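Each chain gets a letter, A, B and so on, in the order the sequences are listed, and its residues count up from 1. Computed from heavy atoms alone, side chains included, the values below leave out hydrogens, waters and symmetry copies. This structure is a prediction, so every number in the text was calculated from the model and none was measured.
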Amino acid sequence: MTDVLTLTDVTKRFGRFTAVDRFSLRVPAGEVLGFLGPNGAGKTTTIRMVMSIIYPDEGEISVLGQPRASQVKDRVGYLPEERGLYRKMTVDQTLRYFGRLKGLHGHALSRRIAECLERVELQDWRRKRTEALSKGMQQKLQFLIAILHEPELVILDEPFAGLDPLNIELLKALIDELRGRRATVVLSTHQMEQAQRLCDRIVLINRGRKLIEGSMHEIRSRFTTRMLVLEGEGDFERLTHLPGVVNAHVTTAQARLELDDGADPSAILKRAVDVARLSRFEIQRPDLQEIFVRLVGADRQVGAGDAGDEAESGVTAARRTN
Amino acid sequence: MRKVVAVAVREFVETVKTKAFLISALVMPLAIGGAIYGFGWISRSITAGELPPRRIAVVDYSGVVFGELARQCEAYNREHPQRQLLVAATAAADADTLAKTVREGEWHAYLIIPADVVDADTACEFGRKDIQFETGVQLQNMLNEAVFTARCRQTDPPIDPESVRELQRPAAIRTIDVQTGEEAGDEAARMVTPFVFMFLLFMATFGISNGLLTTVIEEKSSRVVEVLLSAVSPLQLMAGKILGMAAVGLAMLSVWGGVGYASAHASGAGHLVTGYRVTYALLYFLPGFLLLSSLLAGIGSACNTIKDAQGMAFPLSIITIVPMLCWMYISQSPASTVSVVLSFIPPMTPFVMILRVCADPHTPMWQIVASLALLWASVVVAMWASGKIFRVGVLMYGKPPSPRELFHWLRYA
């Protein structure tokens, strides 16, 4: 399968700050890629370089076979994280303007506008100024701008931010439709649950560097550690010092124990029966959220060596959210 | 290019639709023209209408002035039958009593002529209730003539005042334009012409490119700019915006120029609007506009609020305003060293040069060519630098950068 997007050792610095550090990536045609990372990890900078809004200091980028997205902008759809609308233009004028900027004209443009508005149920708002739209409607309109010209590659930067559950479902359906017509989608998000459900493959970056890459299955199987979840009444604290338990989060009603590779869950279960009246016992693979927190936390700890106490406290904060 | 045009068209349409543009482009010149014509009409209709006779009480202690004053008054009344001025000799009374009668409306005003008015320079006293501008001027003239006549009669031997007036008649002068060999018209209109052209140029460039600053900041603060950048490159966006605004500037220039030309014709100064001057105005408008607007687009992209941007654009505004302050000097000495030096400081060049070429049709051709070349060269530099700053700045939020940071931005992009 041909690659729609490739980045090779891409580096971008802003003064002394390195935003993206020798980052490489290949996105084959038709894939839905989840581009994950904490705030300030370099996601938006990377996406802006892909869109040739800014240029990398080092490394190569190829978009749809071209070294610069500027040459193929009409075949790429982009929903930026920082997005707005012309307040005084109507919905129709807005779509018409952006459609023209993306190479659509005349009849084809009118047909696409009608089609898209129908799909997201905005057709009645066509003649209204965008400032009259609710926030959710504005978000839908912004999404339409990104896909109006039926692009082969769609880049969505935090598309779920600020959407209500209904609109999140609509957006997921629309992304599935993109997949249905074999468009390639790069999706940057904080919402692990959405990424887990939508994406064929995940790339996790932190401090401008790639931490992990692979399909959901690959990534989860790479983390052989297991989570032991116990629920009930009792003194779960006494389980945290058992051999094989690497990490533990205990409340009065629940314990989440992270197990070593060699640990035997049934041995722990036996002890648990002694100390508590159990209502639930389950062995889990870590989900994306946990993998994310663990990897980013560990990476921060590495960075803490040179970054000092501030990063250190960041780690503990991240741990607590686990 | 297709995208640049699409951006330009939107910019033009959206700007022309705004109230600010309608007011400045259409309503303003119409209002100014209307005010000028209206004012003329009002003052004509006032002078044409009949005015109630103004009665003035005169107390003449000298005893030699009133007779001549009354004669002067009669002559005036013959010439202005609708604006009669009546003087009446009144019995001696102190100023307070006279003032009271004026306050009560018995008289329009009073005039006390002291006894020694002919020999010494003792002041006469003119008392009036409300503003009597015209009456005051007329009375002053008549009083001058009356005192002058009285002095003539007092000299030994007496002089005939009419023969002195005859001797004092003004010498006629004819002003010839040495370049055309024709008789020159209104000197004041001639002097103001370069200023008018510069002012038009100034309004069209500075006024409009400031509009560009505003729209760049609006696009930034409404966060629409990155959506735009998904379809066009930063340079295409900047070029489109500048092009659209240049069209707005030209539209405004033609409306104002048209109104100006029409009113110049109406007031008989049409010959001052020559093809030569219009050509140079356009020749300097284009690079002048491009230079200012690309600088302001760069500044706008680096800032997040109009206030920050205006602060950053302040030095530029100061430089550009210099020709406005020195227009009198430059248009009267277009070939002086200062004028020549000022014409080679790029942001000022278009304004100084338009003053100079309008004031002096024999501005050396090399200076015109060199100043245009310099202007275009600085346009290229400004566009390059602003393009770089635009690329970085347009996506930067937060506090505006220092000049040093701006310099670094030139290397980021």
Side-chain angles (χ1 to χ4, degrees), chain A residues 12-17 19 44-45 47-48 50-57 68-71 73-89 93-94 96-105 130-131 138 141-149 151 153-157, chain B residues 1-15 17-20 215 217-238 240 244 301 304 387-398 401-402 404-413:
Chain A
K12 180 72 188 175
R13 293 181 202 92
F14 294 108
R16 267 184 291 171
F17 176 68
T44 298
T45 304
I47 287 174
R48 283 178 179 169
V50 169
M51 289 306 298
S52 49
I53 290 168
I54 49 178
Y55 296 127
D57 296 322
R68 293 232 164 133
S70 45
Q71 289 155 304
K73 265 191 175 161
D74 293 351
R75 294 161 64 195
V76 182
Y78 173 43
L79 178 70
E81 186 184 4
E82 297 280 0
R83 45 191 179 244
L85 294 164
Y86 287 109
R87 294 159 47 82
K88 299 288 173 202
M89 284 169 93
Q93 282 170 340
T94 305
R96 213 160 272 282
Y97 176 53
F98 284 104
R100 244 179 241 128
L101 285 184
K102 290 184 173 165
L104 290 177
H105 297 284
T130 61
E131 61 188 349
Q138 290 185 3
L141 182 57
Q142 284 152 350
F143 186 78
L144 291 188
I145 291 171
I147 61 158
L148 187 66
H149 55 302
L153 170 64
V154 183
I155 298 174
L156 307 171
D157 199 352
Chain B
M1 197 58 208
R2 182 172 49 78
K3 294 185 176 188
V4 174
V5 171
V7 174
V9 167
R10 195 207 80 91
E11 200 69 37
F12 181 78
V13 171
E14 293 294 314
T15 311
K17 274 201 316 207
T18 59
K19 283 193 194 80
T215 70
I217 288 175
E218 267 172 18
E219 275 171 12
K220 257 189 97 169
S221 57
S222 71
R223 303 291 199 259
V224 80
V225 68
E226 199 165 348
V227 184
L228 277 170
L229 292 183
S230 71
V232 295
S233 74
L235 274 184
Q236 282 173 326
L237 178 61
M238 193 175 100
S301 70
N304 291 303
K388 293 250 173 189
I389 288 173
F390 195 87
R391 180 177 283 280
V392 181
V394 95
L395 296 173
M396 287 272 184
Y397 298 102
S402 67
R404 225 188 81 197
E405 280 170 308
L406 275 185
F407 184 73
H408 282 301
W409 286 11
L410 291 181
R411 296 194 320 215
Y412 285 172

>> Rounded to the nearest 0.5 Å, what separates atom OG1 in A:Thr44 from atom CD in B:Glu226?
In response: 7.5 Å

> At a heavy-atom separation under 4.5 Å, does A:Leu101 approach chain B through its side chain, its backbone, both, or neither?
Replying inline: both

> Between B:Leu228 and A:Tyr97, is any pair of side-chain heavy atoms under 4.5 Å apart?
Replying inline: yes

>> Within the structure provided, determine whether B:Arg10 and A:Arg100 are in side-chain contact (heavy-atom separation under 4.5 Å).
In response: no

> About how many Å separate CG of A:Asp74 and NZ of B:Lys3, when rounded to the nearest 0.5 Å?
Replying inline: 4.0 Å

> Are A:Arg87 and B:Glu218 within salt-bridge range, i.e. N to O under 4.0 Å?
Replying inline: no

> Are any of the side-chain heavy atoms of B:Val227 and A:Tyr86 separated by less than 4.5 Å?
Replying inline: no

> When you look at A:Met89 and B:Glu14, which way does the side-chain contact (heavy atoms from CB on, under 4.5 Å) test go after all the steps?
Replying inline: CA-CA 9 Å; A:Met89 284 169 93; B:Glu14 293 294 314; 3.9 Å; yes

>> For B:Val7, which atoms come within 4.5 Å of any heavy atom of chain A: side chain, backbone, both, or neither?
In response: both

>> Show, in sequence, the C-alpha distance, side-chain angles and deciding distance for B:Arg223 and A:Gln142, and conclude whether the side-chain contact (heavy atoms from CB on, under 4.5 Å) test is met.
In response: CA-CA 11 Å; B:Arg223 303 291 199 259; A:Gln142 284 152 350; over 6 Å; no

> What pair of heavy atoms forms the shortest contact from B:Ser230 to A:Lys73, and how long is it?
Replying inline: O-CD, 3.6 Å

> How about A:Met51 and B:Leu229: do any of their side-chain heavy atoms sit closer than 4.5 Å?
Replying inline: no

